[in-house]
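A short worksheet on the structure shown next.
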Amino acid sequence: MRLSQYFLPVLRENPKEAEIVSHRLMLRAGMVQQASAGIYSWLPLGFRVLKKIEQIVREEQNAALAQEVLMPTIQSADLWRESGRYDDYGKEMLRITDRHERDMLYGPTNEELITDIFRTHVRSYRDLPLNLYHIQWKFRDEVRPRFGVMRGREFLMKDAYSFDTDFEAARAAYNRMFVAYLKTFARMGLTAIPMAADSGPIGGDLSHEFIILADTGESEVFYHRDWEDLTWQDQDIDYAGDLQPIVDRWTNTYAATDEMHDPATCPVVGDDLRRRRGIEVGHIFHFGTKYSAPLGARVATSDGHEVDVFMGSYGIGVSRLVGAVIEASHDEDGIIWPAAVAPFQVGVVNLKADDATCAQASANLHEQFETAGVDCLLDDRDERAGAKLATMDLIGLPWQIIVGPRGMKNGVVEVKERATGERTEMTPEAALAKLTAAAGG
RNA sequence: CGGGGUGUAGCUCAGCCUGGUAGAGUGCCUGCUUUGGGAGCAGGAUGUCGGCGGUUCGAGUCCGUCCACCCCGACCA
């Protein structure tokens with residue numbers, strides 16, 4: 001993509017409505033535009049990142065034996081009356097009336113709909129286990145939306161729902177999602193710490209929030225310092241096998257949100273106990289028959305009984321993650337995208353647009369990256385060098401190739417790694433080879 | 001939902017107290033000079049001063065009312 005043709009409305013100054021860093025940077029980098037409070041349009045750069053994150057989530061859900069469906073944003077109130085939640089759910093639920101005066105709502109969540117799908121089609125234990133997920137926009141009419149896309153009213157979310165005949169099978173389903181979440185966040189370059197969460201009486205120990213650490217996080221978290229050395233080692237997971245050992249390994253070390261943390265009973269003391277802020281990016285929990293019972297979602301067991309199906313639900317805040325990644329990865333010059341979610345892998349900067357040698361060399365590099373399947377943004381605008389470099393730092397592509405007349409005299413370009421600022425001179429061919437390899441192309 | 005605040009050019013803001021021709025910086029357009037970290041000079045375009053009502057000879061400015069947005073708290077993926 002050539003920047004001269006790309007819609008990237010960057011701002012030099014901070015819009016005043018944005019307080020926290022991810023919100024500021026997303027507006028300045030031309031990723032989103034607020035449409036109204038807590039509701040955003042996604043511009044090309046932001047949309048690319050959103051889709052990258054969504055795709056990673058999708059791939060890991062599929063790998064973990066979940067199947068993708070798509071449920072609507074607008075739901076009928078009838079199902080919610082059946083589950084008893086129509087009156088319970090407060091003003092966060094956006095209620096709508098259609099032309100026939102029927103009560104409708106913009107879904108804040110999908111337990112009712114998915115349970116309806118299940119009860120309509122599934123009658124036997126032989127059809128289980130089953131896990132259905134979708135990635136869809138939701139709406140919660142928060143009193144006070146803030147933090148940009150991290151706490152919007154409209155947000156893109158993945159939620160999965162598992163169905164099992166008994167608690168032990170439900171635990172296995174829970175474990176599959178637990179491990180899938182570890183893999184998902186690790187792929188995005190994030191360390192997400194699973195923290196025991198309050199699930200009420202039904203869930204037992206089967207409720208975890210996945211929290212990434214960031215100083216601007218919304219909530220306070222406590223954890224053993226061993227977490228700082230615990231990183232996910234990529235490995236092939238057999239989702240049909242027993243995942244309990246992996247889950248145990250990732251739950252044995254203390255970590256808790258402030259609601260769950262009790263200094264009186266906390267097993268970690270002194271320097272070992274770390275206290276920081278975090279952002280919740282995922283939440284998984286088992287809720288048993290809470291919805292299956294009122295909605296009549298039952299299956300026949302092998303011995304001919306009928307049981308209310310055991311369910312769990314597993315959410316990931318996809319649009320929130322865009323902001324969360326930035327909170328976790330930026331500096332004073334702008335965003336620093338982890339490669340896996342970067343909108344482009346490489347930015348080629350032609351410092352001098354009217355220099356034939358530079359123009360040729362940068363255009364060649366751009367074309368060769370595209371041919372190699374590496375997303376590349378070529379800054380071919382007739383701008384000052386400083387402005388172009390500042391823009392490139394702001395939008396945070398993992399690698400920059402700086403092509404200028406000074407280097408071209410010696411046949412070299414400069415390769416800059418955004419995260420470290422480290423610059424190396426090399427020939428364009430070497431730069432191409434290095435970054436194509438780095439991008440896994 | 002309680003408390004506080006802000007709406008003036010694409011963006012950041014001054015002007016309002018004390019009513020009298022709509023401003024600055026940046027961005028944008030044109031030209032020239034520049035060209036390795038947001039350049040210099042010259043010229044140019046841009047506003048229903050958030051909406052409605054009122055007071056006044058006259059309202060961006062005073063009064064009323066509505067709306068939008070932001071911040072703190074409570075609440076939440």
>> Roughly how many Å apart are G27(B) and C70(B), using the P atom of each and rounding to a whole number?
In response: 27 Å
> Quick one: is K91(A) getting a side-chain N or O under 4.0 Å of the C1(B) phosphate, OP1 or OP2?
Replying inline: yes
> Do the side-chain N or O atoms of R144(A) get closer than 4.0 angstrom to the phosphate oxygens (OP1, OP2) of C71(B)?
Replying inline: yes
>> Suppose you measure atom P in G4(B) against the same atom in G47(B); what distance do you get, rounded to whole Å?
In response: 37 Å
> With respect to the phosphate group of C76(B), does any side-chain polar atom (N or O) of R140(A) fall under 4.0 Å of OP1 or OP2?
Replying inline: no
> If the C1' atom of A22(B) is compared with that of A45(B), how far apart are they to the nearest Å?
Replying inline: 15 Å
> What distance, rounded to whole Å, do you find between the two P atoms, one in A74(B) and one in C28(B)?
Replying inline: 43 Å
> Within this structure, what is the CD1-to-P distance between I279(A) and C76(B), rounded to whole angstrom?
Replying inline: 18 Å
>> When you measure only distances, ignoring hydrogens and angles, does the side chain of K416(A) come within 3.5 Å of the base of G37(B) through a donor and an acceptor?
In response: yes
> On a plain distance test, is the side chain of E13(A) in donor-acceptor contact with the base of G25(B) below 3.5 Å?
Replying inline: yes
> What is the distance, rounded to the nearest whole Å, between atom OH of Y89(A) and atom C1' of C75(B)?
Replying inline: 12 Å
>> In this structure, how many angstroms lie between the P atom of A39(B) and the CZ atom of R381(A), rounded?
In response: 12 Å
>> With a cut-off of less than 4.0 Å, is there a side-chain N or O of Q34(A) near OP1 or OP2 of A68(B)?
In response: no
> In whole Å, what is the span from the CG atom of L351(A) to the P atom of U34(B)?
Replying inline: 18 Å
> Rounding to a whole Å, what distance do you find between D141(A):CG and A77(B):P?
Replying inline: 15 Å
>> In this structure, how many angstroms lie between the P atom of C13(B) and the CG atom of L11(A), rounded?
In response: 13 Å
> What interatomic distance, in whole Å, is found between C1' of G15(B) and the corresponding atom of C62(B)?
Replying inline: 16 Å
> H208(A) and side chain to side chain donor-acceptor pair (under 3.5 Å): which partner among Y174(A), Y181(A), W250(A)?
Replying inline: Y174(A)
>> Tell me whether the count of non-hydrogen atoms from other residues, nucleotides or ligands lying under 6.0 Å of NZ in K183(A) goes above 12.
In response: yes
>> So for R146(A) and C72(B), does any side-chain atom that can act as donor or acceptor lie under 3.5 Å from a complementary atom in the base?
In response: no
> To the nearest Å, how far apart are E383(A) CD and U26(B) P?
Replying inline: 15 Å
> Of the candidate nucleotides C75(B), U8(B), U35(B), which contains the atom at the shortest distance from the side chain of K16(A)?
Replying inline: U8(B)
>> Give me the distance, rounded to whole Å, that separates G50(B) from G43(B) when you measure between the C1' atoms they each carry.
In response: 33 Å
>> Roughly how many Å apart are G51(B) and G7(B), using the P atom of each and rounding to a whole number?
In response: 14 Å
>> From C-beta outward on E218(A), which listed nucleotide comes closest to its side chain: C75(B), G25(B), C76(B)?
In response: C76(B)
> Using atom C1' of each nucleotide, how far apart are C49(B) and U61(B) to the nearest Å?
Replying inline: 10 Å
> For the pair made of CG in N14(A) and P in C13(B), what is the distance, rounded to whole Å?
Replying inline: 10 Å
> Taking the six-membered ring for Trp, are F118(A) and F163(A) parallel (under 30°), tilted (30 to 60°) or perpendicular (over 60°)?
Replying inline: parallel
